[in-house]
Structure formats: structure tokens, C-alpha cells
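Below: one structure, written as C-alpha cells.
The figures that follow rest on heavy atoms only: side chains count, while hydrogens, waters and symmetry mates do not.
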Amino acid sequence: MKSGDTDLLSGKGYEIIELLQGLEVPRTEAISIACLVCGNELTSQNIEQASGLRQPEVSIAMRPLRERGWIEERSEKKNTDKGRPVKYYKLIVPFDEIVKTFESKALKKNMEMVEALEQLKELSSNGQ
């Protein structure tokens, strides 16, 4: 994935980003998920080049994905033995399962809002 890094995020990738952000997923996290959905195993540098994110932003965005068990992260030393090892990231959970996680969260939030509205209605009718 060298020359095509900037082409990694196609129309599908940008649509994924937009929809995830609409679900209140942080921007850098949404971008990282979209990159991993559109690519296979990517280096941090692949994600940086495709998305315009800086290296620290990629690392920070990967933390919650790793904590949820959605990605696999591995490090590989460079040939020169100088500098930091190259980090590789790969989705290990199907994207539809990730979507179901966001769906459950959104449905729960909506139910809480409906319950709050019902309580407000009840309070408003009791006060009259």
C-alpha cells in the first residue's frame, strides 16, 4: 500500500466517516475506522497519508479501538534498527459488528430520551 495511500479513502470511506461522526463518534476515530474498513492491514503512516491525520492523532484514535477488541496492533522494527518500530493495524472484527455496537448505543440513548420525555409529560399533566 504505497502509491495508493491517498486513494485509500474512496467515496465509501468518506461516507463512513460522515455517518460515524453523525453518531457522535470522534472525528479521528471515525477516520481511522474508515481507513481500516477500506484497507486491509495498514501502517500508521498509511493512515496518516490517506487521512491527513498526524501520527499522534492516529495513535490516540487507535487506543479505544484496541480497547474494544476491534483491531490488532503489531510492531515491526525497521531494517535500519534506527527510529521507532512501524505500527501495523488491522480490523479483527467484521464492520457489521462494529455497526451493531453503534446501533445498540444509539437505541439505548433514544430509549432514555423517550423515557425522559414521558416523565416530563407526566409531570406537566400532574401540575395542572
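- Atoms CD and CG, from E18 and L20 in turn, are 10.5 Å apart once rounded to the nearest 0.5 Å.
- Between atom NZ of residue K87 and atom CD of residue Q45 there is a gap of 15.0 Å, rounded to the nearest 0.5 Å.
- Under the 4.0 Å criterion applied to side-chain N and carboxylate O atoms, K100 and E103 are not assigned as salt-bridge partners.
- Here the straight-line distance linking atom CD1 of I33 with atom CD1 of I31 works out to 10.5 Å at 0.5 Å rounding.
- The two residues I16 and A34 make their nearest non-hydrogen contact at CG2-CB, 3.9 Å.
- Residues V93 and G69 share a closest heavy-atom pair of CG2-O, 3.3 Å.
- Considering all non-hydrogen atoms of both residues, C38 and G13 come closest at SG-CA, 3.6 Å.
- Using a 4.0 Å cut-off between charged side-chain N and carboxylate O, E76 and R74 make a salt bridge.
- Here the straight-line distance linking atom CG of L65 with atom CD of E72 works out to 13.5 Å at 0.5 Å rounding.
- Side-chain contacts under 4.5 Å among hydrophobic residues (ILVMFWY), followed directly or transitively, place Y88 together with V86.
- L19 and F95 are not part of a single hydrophobic cluster, where members link through side-chain heavy atoms under 4.5 Å apart.
- In this structure, a donor-acceptor pair under 3.5 Å is absent between the side chains of T101 and E97.
- Looking at heavy atoms from C-beta onward, E57 lies in side-chain contact with R27 at the 4.5 angstrom threshold.
- With respect to the salt-bridge test (charged N to carboxylate O, under 4.0 angstrom), the residues E24 and K105 do not qualify.
- Put simply, the side chain of N110 never gets that close to the backbone of L107: no donor and acceptor are under 3.5 Å apart.
- Once rounded to the nearest 0.5 Å, the distance linking SG of C35 with CD1 of I17 reads 6.5 Å.
- Put simply, NZ on K108 and CE on M111 are 12.0 Å apart, with the number rounded to the nearest 0.5 Å.
- L36 and I60 end up in different hydrophobic clusters when Ile, Leu, Val, Met, Phe, Trp and Tyr side chains are linked at under 4.5 Å.
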Would I98 and R68 satisfy side chain to side chain contact (heavy atoms under 4.5 Å, CB included), going step by step from the backbone distance to the final call? CA-CA 10 Å; I98 293 171; R68 290 181 194 122; over 6 Å; no
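- Taking all atoms of both residues into account, the shortest heavy-atom contact from L53 to S32 is CD1-OG, 4.1 Å.
- Minimum heavy-atom separation, L9 to A50: CD1-O, 3.8 Å.
- P64 and E29 make their closest contact through CG-OE1, 3.3 Å (heavy atoms, listed as atom of the first residue, atom of the second, distance).
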